[in-house]
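Along the sequence shown, residues carry numbers from 1.
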Amino acid sequence: MFTHRKLRLALATATAVSLTGGLLVLATQTAAAATPAKYADDFNGDGFRDYAVGWAGEVTVTYGTATGPGTVTKTFTQDSAGIPGKAGDSGGYADLFGDQLANADFNRDGYADLAVADRSEKVGTKVAAGAVTILWGTRSGLGTKATRIPATAQALYGFGAALATGDFNGDGKADLAVADGVHTVSIYRGGFSQSGTTGAVTRHGYSDTLEPTGLVAGNVTKDKATDLYVLGQGYKNDKMTQAAWFLRGGTTVKAGAVTTYDTSSPDYSPTGVIADFDKNGYGDLAVSDTPYNKHAGSVVVLRGGSGGPTTSYRLTQTTAGVATAATAHDGFGSGLSAGDTDRDGYPDLAVGVPEETVGTLKQAGGVHVLRGGAHGLSGTGSRWFTRATAGVPGKATPYEAFGQLVRLRDFDRDGDADLLVSGVLLRAGAAGVTADGATELALVPAFPQ
């Protein structure tokens with residue numbers, strides 16, 4: 001059945017990286033007719049990365065500059081011209097238009113496009129059937145044209161509960177994976193058109209014990225096809241479990257292992273990212289497990305291999321080298337993003353801890369940057385930033401939830417990943433992320449209100 005999940009910010013992510021919530025978008029390209037976009041989120045084709053965030057029935061795009069997000073923004077709702085549907089209450093359910101976003105150049109015209117989900121959408125008489133709409137990129141950006149992708153409306157199914165993009169069959173075209181809130185992930189093959197046509201659609205059913213809560217796409221097995229993890233929860237041996245179900249990309253997408261990583265309590269809004277943290281050629285899944293240890297939180301890493309997931313390890317605030325102590329309801333892992341911050345060739349992991357107490361300030365929040373290495377992620381050499389860190393703009397305030405949104409990307413294109421955290425941009429260099437020269441950006445919204 002359709003289940004309401006905790007509403008939170010959902011941000012578009014680059015192709016083959018999931019951001020089922022709590023993550024910000026990036027990508028660029030040079031516009032050229034009939035040529036696929038070089039980057040997955042340059043919606044106006046000016047060569048700079050653009051940024052989209054969904055929140056409470058709205059999608060706001062901030063257009064990029066050479067140094068990161070600029071000052072030109074545009075906000076869309078279902079009442080905006082050209083966008084199907086109607087903003088507001090949807091048959092008794094809150095408007096969740098924009099709760100999930102995913103970006104890619106779906107029609108290969110040189111402009112990145114944005115898929116926007118609304119799992120609350122009433123379709124005809126079908127309450128909470130859900131819908132996914134593609135906003136098409138143009139020279140002037142998003143907003144002039146939009147198309148719903150085809151789907152059979154079923155009441156309370158919550159189509160669009162999670163989104164991810166990638167080239168799942170390895171043919172060079174962007175595909176779109178869409179989960180419903182019951183038991184199915186549908187993979188729409190490219191190409192897409194503004195008239196509403198898509199390539200072939202395959203559907204992959206969950207087991208009876210796995211309710212989907214997120215999708216994470218990336219290259220796990222070394223081949224050219226994108227792989228997919230379906231994050232979900234359910235009951236196993238009369239216990240509530242959280243699990244990651246592996247779907248291997250290829251000409252035929254094949255179901256793989258289901259890895260259970262928590263048996264304590266549900267998590268309706270997990271987040272995850274795939275990166276090769278130990279640089280062995282296989283992508284590893286880092287997935288949040290915030291209910292762990294009385295909601296102190298943790299991150300579970302499933303190592304990748306030739307057939308999918310292999311062994312795993314867990315990172316917490318008790319891991320050696322991590323600056324803060326684990327206490328109940330810290331939410332360690334609520335935001336995740338991967339990138340190489342120190343130019344050593346190993347991806348690092350930003351881990352948001354939005355409910356961490358800073359001094360005496362409850363839920364002021366912060367973010368750790370954990371370093372990758374030959375043995376994977378560890379706390380050795382990790383860094384910790386809050387509003388109270390010298391050089392970070394503003395001051396720590398209770399309940400700000402700093403660290404709810406994190407994104408590692410090379411904003412200034414100097415070869416290392418900078419850290420964008422809840423509207424603050426921290427630059428990186430050969431030594432990693434620092435607060436030197438940190439700036440506050442006018443992103444809307446910068447953090448949950």
Side-chain angles (χ1 to χ4, degrees), residues 6 8-9 11 21-24 53 55 267 269-271 286 288-299 314-337 339 341 348-371 377-408 417-428 431-449:
K6 179 182 177 183
R8 59 197 166 87
L9 290 174
L11 300 96
L23 301 179
L24 192 60
V53 59
W55 174 249
D267 183 0
S269 52
T271 188
S288 64
D289 182 10
T290 55
Y292 180 79
N293 188 20
K294 299 181 180 178
H295 294 269
S298 70
V299 176
R314 187 183 296 270
L315 300 158
T316 73
Q317 291 178 100
T318 64
T319 298
V322 175
T324 53
T327 55
H329 301 288
D330 283 341
F332 179 87
S334 294
L336 297 177
S337 187
T341 66
D348 308 309
L349 185 70
V351 182
V353 197
E355 297 181 66
E356 177 75 19
T357 297
V358 176
T360 61
L361 305 175
K362 294 182 178 180
Q363 297 182 30
V367 58
H368 292 278
V369 180
L370 308 182
R371 295 185 63 191
L377 293 167
S378 73
T380 302
S382 68
R383 303 198 173 188
W384 169 243
F385 301 95
T386 74
R387 287 279 193 181
T389 301
V392 175
K395 65 178 183 178
T397 56
Y399 306 105
E400 180 183 354
F402 189 74
Q404 180 71 40
L405 301 180
V406 297
R407 174 56 85 205
L408 288 174
D418 308 302
L419 174 62
L420 181 61
V421 50
S422 298
V424 173
L425 182 58
L426 305 176
R427 302 288 181 180
V433 177
T434 73
D436 297 340
T439 54
E440 184 103 39
L441 304 179
L443 294 179
V444 181
F447 51 84
Q449 302 289 334

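- When each of V424, L419, T386 is tested with V367 by the rule side-chain contact (heavy atoms from CB on, under 4.5 Å), just one qualifies, namely L419.
- Of the possible donor and acceptor atoms, none in the side chain of T271 sits under 3.5 Å from a partner among the backbone N and O of G335.
- Side-chain contact between V433 and F385 is present, with at least one heavy-atom pair separated by less than 4.5 Å.
- Taking each heavy atom of L361 and P398 in turn, the nearest pair found is CD2-CD, 4.0 Å.
- Annotation for A323 and W384: closest pair CB-CB, 3.8 Å, computed over non-hydrogen atoms.
- With rounding to the nearest 0.5 angstrom, the CZ atom of R383 is 11.5 Å from the OG1 atom of T389.
- Side-chain atoms of R387 come within 3.5 Å of backbone atoms of P393 as a donor-acceptor pair (strictly under, hydrogens ignored).
- How far CG of L377 is from CG of L349: 5.5 Å, rounded to the nearest 0.5 Å.
- Closest non-hydrogen pair, A388 versus A396, comes out as N-CB, 4.1 Å.
- At least one side-chain heavy atom of L425 sits less than 4.5 Å from a side-chain heavy atom of D418.
- To the nearest 0.5 angstrom, S382 atom OG is 5.5 Å from L370 atom CG.
- Within the structure, every pair that satisfies the side chain to side chain donor-acceptor pair (under 3.5 Å) test and touches residues 356-370, not counting sequence neighbours, is listed here: T324-H368.
- Taken from CG in D289 to NE2 in H295, the straight-line distance is 9.5 Å, to the nearest 0.5 Å.
- Remark: the backbone N or O of G352 is not paired with any side-chain donor or acceptor of S334 at under 3.5 angstrom.
- With hydrogens and angles ignored, the 3.5 Å screen pairs a side-chain donor or acceptor of S422 with a backbone N or O of G403.
- Between the CG atom in L408 and the OG1 atom in T341 there is a gap of 7.0 Å [rounded to 0.5 Å].
- Between S288 and G333, the shortest heavy-atom distance links the atoms CB-O, 3.0 Å.
- At least one side-chain heavy atom of V392 sits less than 4.5 Å from a side-chain heavy atom of L426.
- Of all non-hydrogen atoms in A435 and A390, the two that sit nearest each other are CB-O, 3.3 Å.
- In this structure, the side chain to side chain contact (heavy atoms under 4.5 Å, CB included) partners of T316, at least two apart in sequence or on a different chain, are Y292, S298, R314, T318, T319.
- Closest non-hydrogen pair, Q317 versus V353, comes out as OE1-CG1, 4.1 Å.
- To the nearest 0.5 Å, atoms CZ (R371) and OG1 (T380) are separated by 8.5 Å.
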